[in-house]
Participant: 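Mind looking over this structure? Questions follow.
Worth knowing before you read on, the calculation uses all heavy atoms, side chains too, and leaves out hydrogens, waters and symmetry mates.
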Amino acid sequence: MCGRFAQVIKYDRLQKLEKELRLTQKAQQLELNFNVAPTQTVSAVLSQDAGRYIGAFRWGLIPSWSKEIPSYSMINARAETITEKPTFRSGLQRQRCLLPANGFYEWRKSDKQPFFVHAANDDLIYMAGIYDAWYGPDGSYVPSLTIITTAANTAMSQIHDRMPVLLFDENRQAWLEHKNTDASSFLPLLQPAAEDSIAMYKVGKLVNKVGNNTEECLLPEE
DNA sequence: CCAGACGTTGTT
DNA sequence: GTCTGG
DNA sequence: CCAGACGTTGTT
DNA sequence: GTCTGG
């Protein structure tokens, strides 16, 4: 699954992101978060008729029809069943997004050892997500999102049996194109990442504590 | 028809 | 054990 | 995801 | 909103 990640996108990488994902609006410098946890605010790229840009969302989907902010946080959506779930269906069709990240943290099931999983070439990874907008009875407005998970690939399966859906190259464009409402244009993208696309290393238990939001979270251990 | 749920993971 | 908060 | 709390009554 | 159960 994906329950923690690093979103530390400094100026140079942001410039590259804007170009590669063909943003139509220039992005503001983003908050640097070495230890993003559920319910926190995260940045994601989305396309609408008005253009393609980076927005801020609460991590943990709040469906638009919710009466209140749910106590249970829907931080992940299973790719295998996503089309069957009313909670995700409309978002999947029209409100897809990509979460740029340096990588994500995964705790080895057997011993709770945390690992940092990142792109083999050290570029940013892009996790597939869907978003929704929620309007509270008091007039509050809360955009939120969830990260799609799939089966772990062989490399990942050493530590865990799930992983976020990662998109590369032109698949990113295809996923973001909101005018593609035909499931056949985006469902096939929801697959485990290619074996050679990711790499991982052990990190310290420092990352366990949400309050630890420093570069140290990314330091290799041993 | 209306009422009520709508989620994932890990563990057992 | 289970729920909440981050 | 992990960490940390988890309760009531009466008195101040 | 949309699906399921009765």
Participant: Starting at atom OH of A/Y105, determine the distance to atom C1' of D/dC2, rounded to an integer number of angstrom.
Facilitator: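 It works out to 13 Å between those atoms.
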Participant: Tell me: CZ of A/F34 to P of D/dC2, nearest whole Å?
Facilitator: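 Taking atom P of D/dC2 as the reference, CZ of A/F34 is at 21 Å.
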Participant: Would you say the base of B/dC6 stacks on A/W65 (centre-to-centre below 5.5 Å, plane angle below 30°)?
Facilitator: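 A stacking contact exists, since A/W65 sits close and nearly parallel to the base ring of B/dC6.
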Participant: Across the strands shown, which category fits A/T81 at heavy-atom distances under 4.0 angstrom: base, sugar-phosphate, nothing?
Facilitator: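 Sugar-phosphate only.
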Participant: Quick one: A/I130 CD1 to E/dG1 C1', roughly how many Å, whole number?
Facilitator: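 Interatomic distance, CD1 of A/I130 to C1' of E/dG1: 14 Å.
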Participant: Could you work out which one of B/dT9, B/dG10, D/dC1 sits closest to the side chain of A/H160?
Facilitator: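 That would be B/dG10.
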Participant: Can you check the distance between C/dC3 and B/dT9, where both ends of the measurement are the C1' atom (answer in whole Å)?
Facilitator: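 C/dC3 and B/dT9 have their C1' atoms separated by 15 Å.
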Participant: Is A/S73 touching bases, backbone alone, or none of the nucleic acid, heavy atoms closer than 4.0 Å?
Facilitator: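 Since no nucleic acid heavy atom lies under 4.0 Å of A/S73, the category is nothing.
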Participant: Could you tell me whether A/T39 contacts a base, only the sugar-phosphate backbone, or nothing, with contacts defined as non-hydrogen atoms closer than 4.0 Å?
Facilitator: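 Counting heavy atoms under 4.0 Å across all strands, the contact made by A/T39 includes a base.
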Participant: Show me the dot-bracket string of DNA chain E, counting Watson-Crick or G-U pairs under 3.5 Å, with | for pairs to another strand and [ ] for crossing ones.
Facilitator: ||||||
Participant: Could you please name the option among B/dT8, D/dC1, C/dT4 that lies closest to any side-chain atom of A/P38?
Facilitator: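 Out of B/dT8, D/dC1, C/dT4, the nucleotide with an atom closest to A/P38's side chain is D/dC1.
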Participant: Please state how far atom CZ in A/R58 lies from atom C1' in C/dT4, giving the value in whole angstrom units.
Facilitator: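 A/R58 atom CZ is separated from C/dT4 atom C1' by 12 Å.
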Participant: What's the closest nucleotide to the side chain of A/T87 if the choices are B/dC6, B/dT9, C/dG6?
Facilitator: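 When the side chain of A/T87 is considered, B/dC6 is the closest of B/dC6, B/dT9, C/dG6.
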Participant: Are side-chain heavy atoms of A/V117 and A/M163 found at a separation under 4.5 Å?
Facilitator: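 With C-beta onward as the side chain, the pair stays apart.
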Participant: Do the side chains of A/L99 and A/F5 get nearer than 4.5 Å, heavy atoms only?
Facilitator: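 Counting from C-beta outward, A/F5 and A/L99 do come under 4.5 Å.
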Participant: Can you say whether the rings of A/Y105 and A/F116 are parallel (under 30°), tilted (30 to 60°) or perpendicular (over 60°)?
Facilitator: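 Tilted: the ring planes of A/Y105 and A/F116 meet at 30° to 60°.
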Participant: Hydrogens and angles aside, do A/Y53 and A/Q48 bring a side-chain donor and acceptor to less than 3.5 Å of each other?
Facilitator: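 There is such a pair (donor and acceptor under 3.5 Å, judged by atom type) between the side chains of A/Y53 and A/Q48.
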Participant: Let me know the distance between CG of A/N35 and C1' of D/dA3, rounded to the nearest Å.
Facilitator: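 Taking atom C1' of D/dA3 as the reference, CG of A/N35 is at 12 Å.
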Participant: Please state how far atom NZ in A/K112 lies from atom C1' in B/dT9, giving the value in whole angstrom units.
Facilitator: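 A/K112 atom NZ is separated from B/dT9 atom C1' by 11 Å.
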